[in-house]
Amino acid sequence: MTTPGILILDNGAYTIKAGLANDEEWDQPKLFPNSIVRSKIEKKVFVGDEIESCRDYSGLAYRRPFERGMLVNWDAEKIIWDRLFSPEVMNINPTETSLLVTEPYFNLPNIAETYDQMIFEEWEFNSYFRATPASLIPYGGLFGDDGPPPQCLIAVDVGYSYSHVLPIRDGQIVWEHVKRIDIGGKFLTNHLKHLISFRQWNMIDQTYVVNAVREACGYVSLDYNGDLEAVKRNPKKNGIVQEYVLPDFSPKSTSRTGFIRSGPNAAPPPADENPVPPKKVSADGEEEQVLYMGNERFIGSELLFNPSDIGLKQTGLPETIAFVIQRMPEELRGMFWANIGLFGGLGMIENLGERLERDLRALCPVDFEVGIFEAFDPASQAYLAAQSLASSELYLETFPVTRAEYLEHGSSICRQKFGGPAYNINPPGFTSGDVNMDMDDDERERRYALGLESKQGGRKGKRKEEEEVTSGNWGGRRRRAMAGGM
């Protein structure tokens with residue numbers, strides 16, 4: 001029997017990170033926009049990676065499968081995945097492939113069942129495994145490649161829709177203490193759109209361009225009040241302000257999303273072999289439309305630390321991490337403080353790790369050290385961890401559900417194997433005690449109805465005593481994971 005190939009899809013709300021396990025060509029994932037885009041100027045529809053052929057990024061209309069962090073539009077997702085599997089892109093034959101796909105945190109049971117139906121009934125994959133991004137992190141190299149991952153760690157996933165703080169113990173997410181902040185990349189891009197439109201140019205419809213501006217110019221301030229004062233003193237000439245030239249969308253334009261002309265990180269576009277004739281000077285004396293990025297560079301990312309600045313009644317990222325650790329057993333808190341992993345698309349913002357470490361140091365007890373672990377490519381860290389997991393010889397025997405098992409048992413077999421917060425089931429590969437601990441009759445009946453128990457009577461026996469761990473200084477440190485996640 002031929003061993004099926006393993007396709008990895010880190011199916012994010014903004015981008016899909018895709019690749020094949022055990023293939024040197026796919027050591028780094030290929031990124032595909034997880035959206036369908038319609039150009040109002042060109043009157044064309046672009047699916048996924050086809051947006052790269054779009055000549056005019058002004059006024060794009062987006063249709064995304066994800067809303068509020070959940071995959072709710074499978075009609076759109078099917079079109080995107082069909083494009084991804086096509087011979088023009090990855091050339092995947094699902095019937096000969098095993099799929100490893102990520103799902104949102106706290107995925108609703110009926111949405112999870114739709115995953116099972118689409119993957120096995122629509123595409124007919126040979127087998128598949130579904131997991132959240134944070135549950136894959138212990139298999140990767142974010143915390144070093146010189147041994148097993150820490151027994152206790154905090155995974156901070158700063159993504160497109162939300163930011164999550166997830167405690168992980170013995171490889172399992174402690175779901176009852178997971179916290180979410182309603183700020184992600186989408187929120188910061190929309191916030192910047194309104195700031196720019198109110199102060200300078202009307203860019204409410206320029207989502208693609210504004211997102212490129214945010215990624216190029218944004219940073220986390222290490223001295224918020226000091227930077228505000230520096231910008232106020234001389235709004236157009238200081239060490240913070242950048243002149244960002246907006247694209248003109250002409251056929252010979254050297255940059256379709258614009259570029260930083262002056263200021264920190266200035267990067268003019270490469271010289272064009274066929275230069276465009278000089279432009280006419282406008283009435284205000286400007287040859288180009290220029291954004292002056294002053295406090296707009298950092299007041300958006302500041303919302304990760306102070307959501308109350310816009311009236312959001314939530315704590316910032318440092319306070320949320322400290323709150324989650326405080327809910328953990330006292331003898332384990334030192335390990336949680338020393339192993340805080342940062343990943344997700346927003347993790348690429350400049351100075352995020354430094355600011356987080358400084359603010360957490362003020363909240364951490366003096367007996368412990370704060371350790372912040374960052375990846376060189378935070379957006380791809382979950383994919384790299386999944387690749388490490390799928391490279392294991394035992395992966396295909398232990399983790400995925402086969403199509404034959406699904407056809408026999410339905411989604412109940414996926415619930416039992418994949419688990420999650422809604423079912424309180426341990427994922428494969430880790431053991432942390434008896435899941436069939438003492439429970440009341442109502443809980444046992446509910447689990448039986450969901451297909452999580454093979455019989456209505458639970459196994460007898462007491463819960464195993466947890467191993468005592470001595471608290472102390474665990475020697476936390478700051479470092480960046482090696483490129484490649486191993």
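Along the sequence shown, residues carry numbers from 1. No hydrogens, no waters, no symmetry mates; every other heavy atom, side chains included, goes into these values.
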Enquirer: Does one side chain, of Asp227 or Tyr219, offer a donor that lies under 3.5 Å from an acceptor on the other?
Expert: yes
Enquirer: Counting heavy atoms not belonging to Lys193, are there more than 12 under 6.0 Å from its NZ?
Expert: yes
Enquirer: Just wondering, more than 12 heavy atoms not from Glu176 lying within 6.0 Å of its CD?
Expert: yes
Enquirer: Nearest heavy-atom pair of Ala155 and Phe343: which atoms, and what distance?
Expert: CB-CE2, 3.9 Å
Enquirer: Please tell me if the side chains of Cys152 and Ile168 come closer than 4.5 Å, counting only heavy atoms from C-beta onward.
Expert: no
Enquirer: Is it true that a side-chain atom of Asn351 and a backbone atom of Val220 form a donor plus acceptor pair closer than 3.5 Å?
Expert: yes
Enquirer: Check this for me: Glu67, atom CD, are more than 12 non-hydrogen atoms of other residues, nucleotides or ligands nearer than 6.0 Å?
Expert: no
Enquirer: Do Leu342 and Pro378 have side-chain heavy atoms sitting under 4.5 Å apart?
Expert: no
Enquirer: Side-chain contact test, heavy atoms from C-beta onward, threshold under 4.5 Å: evaluate it for Pro29 versus Asp10 and give yes or no.
Expert: no
Enquirer: Would you say that more than 12 heavy atoms from the other residues, nucleotides or ligands in this model lie under 6.0 Å from the CZ of Arg68, or not?
Expert: no
Enquirer: Which heavy atom of Thr257 sits nearest to which heavy atom of Tyr244, and what is that distance?
Expert: O-OH, 2.6 Å
Enquirer: Could you tell me whether the side chain of Leu291 reaches within less than 4.5 Å of the side chain of Met203, counting heavy atoms only?
Expert: yes
Enquirer: Mark yes or no for whether Ser39, through its side chain, and Lys44, through its backbone, hold a donor-acceptor pair below 3.5 Å.
Expert: no
Enquirer: Within the distance-only criterion (no hydrogens, no angle test), does the side chain of Arg297 pair as donor or acceptor with the backbone N or O of Val241 below 3.5 angstrom?
Expert: no
Enquirer: Would you mind reporting whether Ile36 and Val45 have side-chain heavy atoms less than 4.5 Å apart?
Expert: yes
Enquirer: Are the side chain of Gln314 and the backbone of Pro307 linked by a donor-acceptor contact shorter than 3.5 Å?
Expert: no
Enquirer: Does Trp201 reach the main-chain N or O of Val290 with its side chain, forming a donor-acceptor pair under 3.5 Å?
Expert: yes
Enquirer: Can you give me the closest heavy-atom contact between Ile240 and Gly294, atom names plus distance?
Expert: CG2-O, 4.0 Å
Enquirer: Please step through side chain to side chain contact (heavy atoms under 4.5 Å, CB included) for the pair Leu7 and Leu20, ending with a clear verdict.
Expert: CA-CA 5 Å; Leu7 171 65; Leu20 299 174; 4.0 Å; yes
Enquirer: Within the structure provided, determine whether Cys54 and Glu42 are in side-chain contact (heavy-atom separation under 4.5 Å).
Expert: yes
Enquirer: Quick check for you: to the nearest 0.5 Å, what is the distance between Thr102 atom OG1 and Leu9 atom CG?
Expert: 8.0 Å
Enquirer: For the residue pair Val158 and Ile349, establish whether any side-chain heavy-atom pair is separated by less than 4.5 Å.
Expert: no
Enquirer: Does Arg261 count as lying over the ring of Phe259, i.e. NZ or CZ under 6.0 Å from the six-ring centre, within 45 degrees of the axis?
Expert: no
Enquirer: Test Leu389 against Phe399 for side chain to side chain contact (heavy atoms under 4.5 Å, CB included), laying out the working first.
Expert: CA-CA 10 Å; Leu389 168 63; Phe399 288 79; 3.7 Å; yes
Enquirer: According to the interplanar angle, ranging from 0 to 90°, do the rings of Trp81 and Trp74 count as parallel (below 30°), tilted (30 to 60°) or perpendicular (above 60°)?
Expert: perpendicular
Enquirer: Nearest heavy-atom pair of Leu71 and Glu77: which atoms, and what distance?
Expert: CD1-OE2, 3.5 Å
Enquirer: As a quick check of understanding, evaluate side chain to side chain contact (heavy atoms under 4.5 Å, CB included) for Leu384 and Asp377, giving each step before the final call.
Expert: CA-CA 10 Å; Leu384 297 173; Asp377 187 1; 5.6 Å; no
Enquirer: Is the backbone N or O of Ala76 less than 3.5 Å from a side-chain atom of Asn73, with the two atoms forming a donor-acceptor pair by type?
Expert: yes
Enquirer: Classify the ring geometry between Tyr162 and His164 as parallel (under 30°), tilted (30 to 60°) or perpendicular (over 60°).
Expert: perpendicular
Enquirer: Can you list the residues that meet the ring pair (Phe, Tyr, Trp, His ring centres under 6.0 Å) rule with Tyr224, with sequence neighbours excluded?
Expert: Phe298
Enquirer: Which residues satisfy the ring pair (Phe, Tyr, Trp, His ring centres under 6.0 Å) test with Tyr160, sequence neighbours excluded?
Expert: Tyr14
Enquirer: Would you call Arg199 and Glu296 a salt bridge, taking side-chain N to carboxylate O under 4.0 Å as the test?
Expert: yes
Enquirer: Of the non-hydrogen atoms in Leu188 and Ser301, which two are nearest, and what is the gap between them?
Expert: CD1-CA, 4.2 Å
Enquirer: Provide the closest heavy-atom pair for Ile51 versus Leu60 in the form atom of the first, atom of the second, distance.
Expert: CD1-CD1, 4.1 Å
Enquirer: Does the Lys NZ or Arg CZ of Arg64 fall within the cation-pi geometry relative to Tyr62 - under 6.0 Å from the ring centre and within 45° of the axis?
Expert: yes
Enquirer: Distance from Glu357 atom CD to Glu369 atom CD, nearest 0.5 Å?
Expert: 9.5 Å
Enquirer: Could you grab the distance from atom CD1 of Ile325 to atom CG of Leu332, nearest 0.5 Å is fine?
Expert: 11.5 Å
Enquirer: Relative to Phe305, does Arg355 satisfy both conditions: NZ or CZ under 6.0 angstrom from the six-membered ring centre, and within 45 degrees of the ring's axis?
Expert: yes
Enquirer: Measure the CG-CG distance between Leu166 and Leu153 for me, rounded to the nearest 0.5 Å.
Expert: 10.0 Å
Enquirer: Check whether the side chains of Glu215 and Asn211 place a donor and an acceptor atom closer than 3.5 Å, and report yes or no.
Expert: yes
Enquirer: Given side chain to side chain contact (heavy atoms under 4.5 Å, CB included), test Tyr105 with Val178 step by step and report yes or no.
Expert: CA-CA 9 Å; Tyr105 304 106; Val178 174; 5.8 Å; no
Enquirer: Please examine the side chains of Ile204 and His194, heavy atoms only from C-beta on, and report whether any two atoms are closer than 4.5 Å.
Expert: yes
Enquirer: Measuring from Asn295:CG to Ile299:CD1, what's the distance to the nearest 0.5 Å?
Expert: 4.5 Å
Enquirer: Does Arg214 use its side chain to pair, donor to acceptor, with the backbone of Leu192 at less than 3.5 Å?
Expert: no
Enquirer: Any chance you could measure Gln326, atom CD, to Phe336, atom CZ, to the nearest 0.5 Å?
Expert: 12.0 Å
Enquirer: Kindly say whether Gly140 contributes a backbone atom to a donor-acceptor pair with the side chain of Ser388 at under 3.5 angstrom?
Expert: no
Enquirer: Any donor-acceptor pair under 3.5 Å linking the side chain of Lys40 with the backbone of Arg38?
Expert: no
Enquirer: Side chain to side chain donor-acceptor pair (under 3.5 Å) with Ser35: which residues, sequence neighbours excluded?
Expert: none
